[in-house]
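Below, read A as the first sequence line, B as the second, and so on, with proteins coming before strands; counting in each chain starts at 1.
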Amino acid sequence: MPELPEVEVTRLSIAPSLRGSIVLQAHLGKPLRWPLGCRTGHLVGRHVGDTQRRGKYLWIPLGPRPGRAADDAGGLLLHLGMSGSLQWVGVGSSQAGPAGPLDPPGKHDHFDLVTTQGTLRLHDPRRFGAVVWSDALTSDPAAKLLQRLGPEPFDPALDDAAFHARLRARRSAIKQVLLSGDAVVGAGNIYACEALFAAGIDPRTPACRISRARAARLLAAVRHTLSRAMAVGGTTLRDFRDAHGMSGEFQNEAQVYGREALPCHHCGTPIRRLVQAQRATYYCPMCQKR
DNA sequence: AATGGCGCCTGAACGC
DNA sequence: TGCGTTCAGGCGCCAT
């Protein structure tokens with residue numbers, strides 16, 4: 001399940017390959033969450049810029065078409081949804097087939113961006129993901145999709161006081177507030193559970209009832225958990241891979257996620273599972289307090 | 001206006 | 001073996 005670490009790992013695995021290339025063609029498969037918003041031919045001939053990330057979205061800047069003014073530029077906003085992953089096949093790679101630089105799209109390959117340096121392919125069985133053209137990050141539809149996102153976890157402007165203030169504005173359980181991305185973006189179900197364990201906070205605690213000191217611990221725990229996950233290539237529960245096929249290792253370090261009834265690594269108490277907002281939450285009833 | 005719930009999708013795991 | 005059911009969940013959207 002791509003959360004912020006998986007998206008960042010993906011970004012790092014495609015940015016150097018894509019940067020400086022020129023789009024030769026693009027192909028669409030089955031419909032994704034939202035329509036592309038332009039014809040695939042609209043992308044051809046554009047210079048590819050440096051891939052950026054905001055929350056769990058990726059932004060691939062595309063320069064103006066040949067002979068057009070600067071305001072013809074735009075880019076692609078990508079989201080990996082639940083089951084999306086990107087694959088990069090470089091020109092001259094061993095995966096190059098007789099038909100061209102890449103095998104024909106498989107059943108779950110729904111977008112190809114063919115460039116002078118290689119092909120970026122989106123694989124997404126559940127199709128909760130999206131690829132959307134936008135004239136700029138600050139124009140719709142990108143702006144509309146990004147406007148509601150909370151602060152980035154590693155934004156220096158997000159200090160303990162700011163984070164605490166955001167928690168105080170929410171009466172929902174802290175687990176749901178983390179998932180909503182209102183107080184800080186990037187923690188999905190796995191990392192929200194892990195960060196709450198690391199901070200020793202019961203996932204059912206109303207966000208507004210968390211003290212300044214505990215909020216500081218939680219913010220540090222979110223940052224530490226996301227950092228650690230990125231350092232080991234993310235979490236591969238089933239099929240997450242970076243664009244070069246590398247799987248992640250964080251699943252081996254999970255303290256609570258997916259460990260119902262197994263002993264807590266810290267105190268030995270069986271890990272519990274509960275459902276919050278129709279999503280599984282795992283926690284240690286001994287180590288995590290309200 | 002914050003908040004809870006729905007629906008989009010498919011494959012894996014499960015029960016009979 | 002095969003069928004039906006349940007679960008997984010990011011997140012925009014809707015209703016309250």
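Inspection of the Thr10(A) and Asp242(A) side chains reveals no N or O donor paired with an N or O acceptor under 3.5 Å.
Applying the 6.0 Å contact sphere to CE of Met286(A) captures no more than 12 heavy atoms from other residues, nucleotides or ligands. Atom NE2 of His244(A) has more than 12 neighbouring heavy atoms from other residues, nucleotides or ligands inside a 6.0 Å radius.
When rounded to the nearest whole Å, the span between CZ of Arg127(A) and P of dG12(C) equals 19 Å. Atom CG in Leu77(A) sits roughly 13 Å away from atom C1' in dC11(C) (whole-Å rounding). We find that OH of Tyr57(A) is positioned 13 Å from P of dG10(C), with the value rounded to whole Å. The separation between Asp182(A) atom CG and dC11(C) atom C1' is 11 Å, rounded to whole Å. We find that CZ of Phe128(A) is positioned 12 Å from P of dC11(C), with the value rounded to whole Å. Across the protein-nucleic acid pair, Arg166(A) atom CZ and dA2(B) atom P stand 12 Å apart, rounded to whole Å. Regarding Arg171(A), its CZ atom lies at a distance of 10 Å from the P atom of dA2(B), rounded to whole Å. Atom CD of Gln278(A) is separated from atom C1' of dA8(C) by 13 Å (rounded to the nearest Å).
For Arg126(A) against dA8(C), a side-chain-to-base donor-acceptor contact under 3.5 Å is present.
Of the two residues contacting DNA chain B, namely Arg170(A) and Lys107(A), the nearest-nucleotide position lying further toward the 5' end is that of Arg170(A). Mapped onto DNA chain B by nearest heavy atom, Gln176(A) and Pro31(A) fall at different nucleotides, with Gln176(A) at the one closer to the 5' end.
Distances were taken from every side-chain heavy atom of Met82(A) (C-beta onward) to each of dG9(C), dG11(B), dT3(B); the shortest belongs to dG9(C). Across dG10(C), dC7(C), dC6(B), the shortest atom-to-atom separation from the side chain of Arg273(A) is found for dC7(C). Of all nucleotides listed (dG9(C), dT3(B), dG10(C)), dG10(C) comes nearest to the side chain of Arg33(A).
Using a cut-off of 4.0 Å between Lys/Arg side-chain N and Asp/Glu carboxylate O, Lys56(A) and Glu3(A) are scored as not salt-bridged.
Applying side chain to side chain donor-acceptor pair (under 3.5 Å) to Thr281(A) and the options Arg272(A), Arg273(A), Gln276(A) leaves one that passes, Gln276(A).
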Nucleotides 13-15 of chain C: which of its N/O atoms have a protein N/O under 3.5 Å away?
residue	atom	partner	partner atom	Å
dC13(C)	OP2	Lys144(A)	NZ	3.4

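With rounding to the nearest 0.5 Å, the separation of CD1 in Ile22(A) from CZ in Arg46(A) is 12.5 Å.
Within the 4.0 angstrom heavy-atom criterion, no nucleotide atom of any strand lies near Arg168(A).
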Donor-acceptor list for residues 193-214 of chain A side chains, cut-off 3.5 Å, not counting sequence neighbours:
residue	atom	partner	partner atom	Å
Glu194(A)	OE1	Gln255(A)	N	2.7
Glu194(A)	OE2	Gln255(A)	N	3.3
Glu194(A)	OE2	Val256(A)	N	3.0
Glu194(A)	OE2	Tyr257(A)	N	2.8
Asp202(A)	OD1	Arg204(A)	N	2.8
Asp202(A)	OD1	Arg204(A)	NE	3.0
Asp202(A)	OD2	Arg204(A)	NH2	2.8
Arg204(A)	NH2	Tyr283(A)	OH	3.4
Thr205(A)	OG1	Asp202(A)	O	2.7
Ser211(A)	OG	Arg214(A)	N	3.1
Arg214(A)	NH1	Arg290(A)	O	3.4
Arg214(A)	NH2	Gly200(A)	O	3.0
Arg214(A)	NH2	Lys289(A)	O	2.9

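One finds a side-chain N or O of Ser172(A) lying less than 4.0 angstrom from the OP1 or OP2 phosphate oxygen of dG4(B). Under 4.0 angstrom from either OP1 or OP2 of dC9(B) there lies no side-chain N or O belonging to His108(A).
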